[in-house]
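Encoded as structure tokens, the structure appears first; notes follow it.
Note that these values count all heavy atoms, side chains included, but never hydrogens, waters or copies made by symmetry. Worth saying up front: this structure is predicted, and the values here are computed from it rather than measured.
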Amino acid sequence: MPETLTLYVLNGPNLNLLGVREPDIYGHETLADVQAMCEAAADGARVVFKQSNHEGQLVDWIHEARLEASALVINPAAFTHTSVALLDALKTLSIPVVECHLSNPAAREDFRRHSYVSLVATGVISGFGPHSYELAVKAALRLARERAKAGARSPKI
């Protein structure tokens, strides 16, 4: 029996306010709704779903994912455009990393067009509202399953 894959889904600042913060941009679904969508899309994989408004906490969870996860989906929110710390933490991973955004940053303000996370992400999914997460979960797990089938392993250091 193959080992169950573990997917980390990490969420950055202000995502705890989904459903009430700028619903014209981010929609009416709550973070709990997004979590339920991720769990439904995970097709039997274990989902570790976390949110923090604190950069250092996200870094700690990325370090944890390095040891525990088969793949990572991250919506770094505003830290997308500012956090070298997240970039450096993500560089330590040898698992698929999918950057995820509810809105399309390329269609918004100029400063949102640069992503530090994209420099190391396997792929980026954005602009589909909460369905961005569903697509990101499916993509990340597909990549993880392909790696597992090929015999690739993440280091457990």
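Distance check: E99 CD to L119 CG gives 9.0 Å after rounding to the nearest 0.5 Å. Note: S126 OG to L135 CG = 10.5 Å, rounded to the nearest 0.5 Å. To the nearest 0.5 angstrom, L102 atom CG is 9.0 Å from E29 atom CD. Distance CG/L58 to CG/N75: 10.0 Å, rounded to 0.5 Å. Note: T80 OG1 to I74 CD1 = 7.5 Å, rounded to the nearest 0.5 Å. Interatomic distance, CG of L18 versus CG of N16, reported as 8.0 Å (0.5 Å rounding).
Shown here are the side chain to side chain contact (heavy atoms under 4.5 Å, CB included) partners of V120, two or more places apart in sequence or in another chain: L87, L90, K91.
In terms of heavy-atom proximity, A42 sits nearest to R145 at O-NH2, 3.8 Å. Pairing each heavy atom of Q51 with each of P13, the nearest pair is NE2-CA, 4.2 Å. Heavy atoms only, all atoms of each residue included: L93 and A65 are closest at CD2-C, 4.3 Å. Of all heavy-atom pairs spanning V117 and P76, the tightest one is CG2-CG, 3.6 Å. In this structure, A140 and L7 approach most closely via the heavy-atom pair CB-CD1, 4.0 Å. In terms of heavy atoms, I125 sits closest to A139 at CD1-CB, 4.2 Å.
Taken together through direct or relayed side-chain contacts under 4.5 Å among Ile, Leu, Val, Met, Phe, Trp and Tyr, I95 and W61 form part of one hydrophobic cluster. The same ILVMFWY cluster, assembled from side-chain heavy atoms under 4.5 Å apart, contains both L10 and V59. One hydrophobic cluster, built from ILVMFWY side chains closer than 4.5 Å, holds both V48 and L72. No chain of hydrophobic side-chain contacts below 4.5 Å, direct or via other Ile, Leu, Val, Met, Phe, Trp or Tyr residues, connects V20 to L15.
Judged by distance alone, the side chain of T122 and the main-chain N or O of V97 form a donor-acceptor pair under 3.5 Å. Of the possible polar contacts, none joining the D60 side chain to the Q57 backbone as a donor-acceptor pair under 3.5 Å is found. Side chain of S70 to main chain of T6: a donor-acceptor pair is present (N/O by atom type, distance under 3.5 Å, no hydrogens or angles). Panel note: side chain E134, backbone C38; no donor-acceptor pair is recorded below 3.5 Å.
Heavy-atom neighbours of H63 NE2 from other residues, nucleotides or ligands within 6.0 Å: above the threshold of 12. Dense packing is recorded around NZ of K50, with more than 12 heavy atoms of other residues, nucleotides or ligands lying under 6.0 Å away.
For the side-chain hydrogen bond (donor to acceptor under 3.5 Å, both in side chains) with Y8, the qualifying choice from E64, E68, R66 is E64, the only one to do so. Partner of L141 under the side chain to side chain contact (heavy atoms under 4.5 Å, CB included) criterion, out of D43, L5, V98, V73: L5 alone.
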field: Trace of the side-chain contact (heavy atoms from CB on, under 4.5 Å) decision for S83 with Y116
entry: CA-CA 7 Å; S83 182; Y116 284 102; 5.8 Å; no
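L31 has its side chain within reach of F49: a pair of non-hydrogen atoms, C-beta onward, lies under 4.5 Å apart.
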